Protein chains: 2
Amino acid sequence: MEFMIIHHQLFHTLHQLSRHTTNQLNDALKPLGLYGSQWAVLFVLKRKGSLTQKELCDYLFVEAPPMTRTIQRLVKQGYVRQVQGGRDKREKYIELTEAALLEYHKWEKVVNDVNGELLNCLPPSSQQELFTLQNSWLQLLLKGRD
Amino acid sequence: MEFMIIHHQLFHTLHQLSRHTTNQLNDALKPLGLYGSQWAVLFVLKRKGSLTQKELCDYLFVEAPPMTRTIQRLVKQGYVRQVQGGRDKREKYIELTEAALLEYHKWEKVVNDVNGELLNCLPPSSQQELFTLQNSWLQLLLKGRD
DNA sequence: CAGATATAGTTACCTAGGTAATTAATTTTG
DNA sequence: CAAAATTAATTACCTAGGTAACTATATCTG
């Protein structure tokens, strides 16, 4: 019976950690005029290059409607372009603009700083262990849900 | 430089896990007419008894406005009562109703089942280790922010 | 090939949770 | 004690992310 309480605490702690870290990220990004959800998209585009919205959704495990909203905001700010895909006229390729590439390093530094600050209270071995545990759990959960 | 990528992946995985598990919880609660945020309040009230809204906020690390909303919804559903506090007329004590106490065991079983299902792909030792790591990280983060 | 089915993206609307501003009651302080 | 500062709760409004319904294009099938 005791393990049910452990489960409860585990989910509670997971939830708190996620909220706390995304709040910290948003605070750090605010002076740059960006939100966490926007940064996630910019980060993926920088690494992967041009992607369709569907591919972005699949990569970030986000449904299509919030992705549309995030991208429309990035378009309005001039950091991203929607390009009509050649073959399939339904899909839109999303790519970073010159403006985004110019600012990217500044954004990246801010994010790396806040990430480092959030994690510097944990020894690197614990960070690695935490990541390994979280990652294998997530993989197992997603495997079961395909 | 490599650790920045690990950091990024760690936060990404944390975020995904939190979203996935709260989505699963909400799916499981839907047939009962409850949301995850409501369950969190009901759970604390069952354990701790009558609490003020401020105490609930402090316990769940949630700001006052969302707590007001969640409680108002629970009041409307008849699962919770707001009682004007005796000494301080600003504060409102929140307590479970008879209706909530009657349903509680059913809710608890549903939540325990979904929690168990989400965690049964991880061996208990990993669950314990994950909880310990998450918890110590959260404690360190909150200690720094007081 | 034409009709049915599937898919990419959008719109509308829902909950979760955050900040800023407001109100009413309580404390602090000159 | 009266005025100022603090605090519990609420209201209004913001982002994040979810589902349902819709549109337009692609693909599959009879």
Side-chain angles (χ1 to χ4, degrees), chain A residues 11-12 14-30 32-41 51-77 80 82-94, chain B residues 11-12 14-30 32-41 51-77 80 82-94:
Chain A
F11 288 113
H12 182 68
L14 176 66
H15 192 63
Q16 302 298 333
L17 275 177
S18 173
R19 268 173 54 218
H20 187 73
T21 56
T22 59
N23 287 346
Q24 294 295 114
L25 177 63
N26 275 311
D27 283 356
L29 287 174
K30 192 171 237 173
L32 304 177
L34 283 180
Y35 291 97
S37 58
Q38 296 179 288
W39 165 250
V41 170
L51 292 178
T52 66
Q53 291 191 202
K54 181 66 166 59
E55 289 170 325
L56 278 168
C57 290
D58 290 346
Y59 195 82
L60 293 172
F61 286 97
V62 163
E63 299 301 319
M67 184 55 73
T68 294
R69 232 184 314 114
T70 300
I71 287 172
Q72 285 176 348
R73 225 162 19 190
L74 284 169
V75 169
K76 196 173 292 178
Q77 287 175 273
V80 134
Q82 286 173 309
V83 179
Q84 204 68 14
R87 196 156 310 183
D88 190 330
K89 285 174 186 166
R90 290 170 306 180
E91 60 191 19
K92 300 181 177 175
Y93 277 86
I94 312 298
Chain B
F11 288 113
H12 182 68
L14 176 65
H15 192 63
Q16 303 298 334
L17 275 177
S18 173
R19 268 173 54 217
H20 187 74
T21 56
T22 59
N23 288 346
Q24 294 295 115
L25 177 64
N26 274 310
D27 284 355
L29 287 174
K30 192 171 237 172
L32 305 177
L34 283 180
Y35 291 96
S37 58
Q38 296 179 287
W39 165 252
V41 170
L51 292 178
T52 67
Q53 293 192 201
K54 182 65 166 60
E55 290 169 325
L56 278 168
C57 289
D58 290 346
Y59 194 81
L60 293 172
F61 286 98
V62 162
E63 299 301 319
M67 184 55 73
T68 294
R69 230 183 314 115
T70 300
I71 287 171
Q72 285 176 348
R73 222 159 24 187
L74 284 169
V75 168
K76 196 173 292 178
Q77 288 175 273
V80 135
Q82 286 173 309
V83 179
Q84 206 67 14
R87 194 158 311 183
D88 189 330
K89 284 174 189 168
R90 291 170 305 179
E91 60 191 18
K92 301 180 178 177
Y93 277 87
I94 313 298

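Naming: A, B, ... by sequence-line order, numbering from 1 per chain. Just so you know, these numbers come straight off a predicted model, no measurement behind them.
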- [ ] Considering just the side-chain nitrogens and oxygens of Lys89(B), establish if one lies under 4.0 Å of OP1 or OP2 belonging to dA9(D).
- [x] no
Task: Derivation of the side-chain contact (heavy atoms from CB on, under 4.5 Å) call for Val80(B) and Val75(B) - done: CA-CA 5 Å; Val80(B) 135; Val75(B) 168; 3.8 Å; yes
- [ ] Pick base, sugar-phosphate or nothing for Gln82(A), based on heavy-atom distances below 4.0 Å to the nucleic acid.
- [x] sugar-phosphate
- [ ] May I have the distance from Gln72(B) (atom CD) to dA9(D) (atom P), rounded to whole angstrom?
- [x] 12 Å
Open item on the list: Counting only side-chain nitrogens and oxygens, does Thr68(B) get under 4.0 Å of the OP1 or OP2 atom of dA9(D)?
Closed with: no
Open item on the list: Regarding Asn26(B), tell me which of base, sugar-phosphate or nothing describes its non-hydrogen contacts under 4.0 Å with the strands shown.
Closed with: nothing
Task: Exam field: side chain Gln16(B) to backbone Leu60(A), donor-acceptor pair closer than 3.5 Å - done: yes
Open item on the list: Can you give me the first and the last nucleotide of DNA chain C (5' to 3') that has an atom within less than 4.0 angstrom of a non-hydrogen atom in chain B?
Closed with: dT15(C) to dT26(C)
TODO: Among Gln82(A), Glu91(A), Lys92(A), find the residue that satisfies the side-chain hydrogen bond (donor to acceptor under 3.5 Å, both in side chains) test when tested with Gln53(A).
DONE: Gln82(A)
Open item on the list: Testing the basics here: between Val41(B) and Leu56(B), what is the closest heavy-atom pair and its distance to 0.1 Å?
Closed with: CG1-CD1, 4.2 Å
- [ ] Measure the distance from CD on Glu63(B) to C1' on dT10(D) and round it to the nearest whole Å.
- [x] 14 Å
Open item on the list: Reading DNA chain C from 5' onward, which residue's closest nucleotide shows up sooner: Met67(A) or Gly36(B)?
Closed with: Met67(A)
Open item on the list: Go nucleotide by nucleotide along DNA chain C from the 5' end; which of Tyr35(B) and Asp27(A) gets its closest nucleotide reached first?
Closed with: Tyr35(B)
Open item on the list: One pair to check against side-chain contact (heavy atoms from CB on, under 4.5 Å): Ile94(A) and Glu55(A). What are the steps and the verdict?
Closed with: CA-CA 10 Å; Ile94(A) 312 298; Glu55(A) 289 170 325; over 6 Å; no
TODO: Start with the C-alpha distance between Tyr35(B) and Leu29(B), add both sets of side-chain angles, then the distance that settles side-chain contact (heavy atoms from CB on, under 4.5 Å), and finish with yes or no.
DONE: CA-CA 6 Å; Tyr35(B) 291 96; Leu29(B) 287 174; 5.9 Å; no
- [ ] May I ask you to list the residues of residues 51-60 of chain B, by number, that have any heavy atom positioned under 4.0 Å from an atom of DNA chain C?
- [x] none
- [ ] Find the distance Glu91(A):CD to dT23(D):C1' and express it as a whole number of Å.
- [x] 17 Å
